[in-house]
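The model shown is predicted, which means the values in this text are computed figures rather than measured ones. Residues take their numbers from the sequence shown, with the count starting at 1.
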Amino acid sequence: MASYFENSSDALVPDALKGFARAHADLVTLDPEHGFLLSRTAAPSRRVALLSGGGAGHEPLHAGYVGRGMLDAACPGRVFASPHNRQVYAGSLAAARAEGVLHIVKNYTGDRINFGIAAERLAHRGVPCARVLIDDDLASDSADIASGRRGTGGTVLIEKILGAAADTGLGLAELQELGTRLAARCRTLAVASAAHTAPTTGEPAFPLAAGELEYGVGIHGERAQQTVPREPLNGLVERMTTALLDALAPEGPVIALVNGLGAVTPLELYAVHGELATLLDARGTDLARALVGDYITALDMRGFSVTLLAADDEILRLYDAPVHTAALRW
């Protein structure tokens, strides 16, 4: 039997959305017919709505980031599956502001297809729509992967910054340009010592021997291209940080996200952050802002990711702007 507490595998996501909307009724409303969440509040200065989405199983992404200063709407799909284009279309119509809607899309084939179909339908309705594609996963940066880098932890930081920018009244083209620039300045690496529990079987999604580590795992349970021996945390974080810095070559400050993939304790995550901060100090890289916790998970995968975003004064100002959502607020 599956190990998840559920009425049925088909009911888990809609039941969770219903419970989320009830728990955060001051922030969001749920459209149960189309399965999207809509923010109750938005800055009057917003000319463009922000909508994101993707498979369930990554909570608090994306529903947890609907609210003031971030997303206007979120469209969760089934576990690890893209939302249907009907969801995205209906959510976009409900959220659209005077100058349209910006789709924030993680780079997976199903997401690109469904958001693309929704954008075509919006165009037929005369609703302006543009897309920012998040492709921050360094592990999938290979010429052998036709679809390109996956979208992972950087999604949280980019949604936060774009939300603040939308609140300043930027137009659709300006927000798309900023989002594209942010995606280019952001990279993530993830590791795991155990796979997530597959909802259909109640068993680990893939085997991993004691003493082994998946280096470069994906957020949908994709195995890494490398299975490596376990090593002390300082060596592992140094390897990850060096790879991220080499890829980004930041000339100024960085924003860091140390993210749990579902089954790693806060104790461990703060230890990761401590190692990361020490390494950045040693490299002369200014760690200007940091988030530590579970922000984009992979069900109960025992692993963590590290994201670095190369920042500047404008990006830091937007990152610091007020936000009030179920999962992020300051």
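- When hydrophobic clusters are built by joining Ile, Leu, Val, Met, Phe, Trp and Tyr residues whose side-chain heavy atoms come closer than 4.5 Å, directly or via intermediates, Val191 is grouped together with Tyr270.
- Taken to the nearest 0.5 Å, the OG1 atom of Thr109 stands 4.5 Å off from the CZ atom of Arg112.
- The pair Arg68-Asp167 does not meet the salt-bridge criterion, since no charged nitrogen lies less than 4.0 angstrom from a carboxylate oxygen.
- If you check the side chains of His196 and His220, you find no donor sitting under 3.5 Å from an acceptor.
- In this model, no donor atom of one side chain and acceptor atom of the other lie less than 3.5 Å apart for Asp137 and Thr152.
- Interatomic distance, CD1 of Ile219 versus CZ of Phe80, reported as 8.0 Å (0.5 Å rounding).
- Side-chain polar atoms of Ser39 and Asp72 form no donor-acceptor pair below 3.5 angstrom.
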Scan the side chains in residues 309-326 for donor-acceptor partners under 3.5 Å anywhere in the protein, sequence neighbours excluded, and list what turns up.
residue : atom : partner : partner atom : Å
Asp312  : OD1  : Glu314  : N            : 3.1
Asp312  : OD1  : Ile315  : N            : 2.8
Glu314  : OE1  : Arg181  : NH2          : 3.3
Asp320  : OD1  : Arg289  : NE           : 2.8
Asp320  : OD2  : Arg289  : NE           : 3.3
Asp320  : OD2  : Arg289  : NH2          : 2.6
Thr325  : OG1  : Gly64   : O            : 2.9
Thr325  : OG1  : Ala327  : N            : 3.4
Thr325  : OG1  : Leu328  : N            : 2.9
Thr325  : OG1  : Leu328  : O            : 2.8

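- Residues Arg302 and Val264 have side chains in contact (heavy-atom distance under 4.5 Å, counting atoms from C-beta outward).
- Taking CG from Leu175 and CG from Leu170, the interatomic distance works out to 5.0 Å, rounded to the nearest 0.5 Å.
- Contact of the Ser45 side chain with the Thr168 side chain is not registered, since no non-hydrogen atoms from C-beta on lie closer than 4.5 Å.
- Ile117 shares a hydrophobic cluster with Ile113; the chain of contacts runs through ILVMFWY side chains whose heavy atoms sit under 4.5 Å apart.
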Using residues 118-134 as the side-chain source, report each donor-acceptor pair under 3.5 Å to any protein atom, sequence neighbours left out, with the distance given to one decimal.
residue : atom : partner : partner atom : Å
Arg125  : NH1  : Tyr89   : OH           : 3.1

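- Residues Lys106 and His62 have side chains that bring a donor and an acceptor to within less than 3.5 angstrom of each other.
- A heavy-atom distance below 4.5 Å is not found between the side chains of Lys160 and Tyr65.
- Interatomic distance, Leu269 CG to Asp294 CG, rounded to the nearest 0.5 Å: 6.5 Å.
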Between side-chain atoms of residues 204-214 and protein atoms elsewhere (two or more places apart, or another chain), which donor-acceptor pairs fall under 3.5 Å?
residue : atom : partner : partner atom : Å
Glu212  : OE1  : Ala209  : N            : 3.2
Glu214  : OE1  : Arg223  : NE           : 3.4
Glu214  : OE1  : Ala224  : N            : 2.8
Glu214  : OE2  : Arg223  : NH2          : 3.2
Glu214  : OE2  : Thr227  : OG1          : 2.3

(request) Could you walk me through whether Arg230 and Leu236 pass the side chain to side chain contact (heavy atoms under 4.5 Å, CB included) test, one step at a time? (result) CA-CA 8 Å; Arg230 292 285 297 272; Leu236 175 61; over 6 Å; no
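- In this structure, the side chains of Leu280 and Leu276 come closer than 4.5 Å at one or more pairs of heavy atoms.
- In this structure the side chain of Cys75 reaches within 4.5 angstrom of the side chain of Leu51, judged on heavy atoms.
- Considering CG of Asp15 and CZ of Phe20, their distance stands at 15.0 Å, rounded to 0.5 Å.
- In this structure, the side chain of Asn107 engages the main chain of Arg149 through a donor-acceptor pair within 3.5 Å.
- At least one side-chain heavy atom of Glu159 sits less than 4.5 Å from a side-chain heavy atom of Leu71.
- For residues 231-245, every residue pair satisfying the side-chain hydrogen bond (donor to acceptor under 3.5 Å, both in side chains) rule, not counting sequence neighbours, is listed here: Gln226-Arg239.
- The environment of Arg86 atom CZ is sparse: at most 12 non-hydrogen atoms of other residues, nucleotides or ligands sit within 6.0 angstrom.
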Please tabulate, one pair per line, all N/O donor-acceptor pairs under 3.5 Å involving side-chain atoms of residues 22-30, not counting sequence neighbours.
none

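- In this structure, Arg185 and Leu157 have side chains that are not in contact, with every pair of non-hydrogen atoms separated by 4.5 Å or more.
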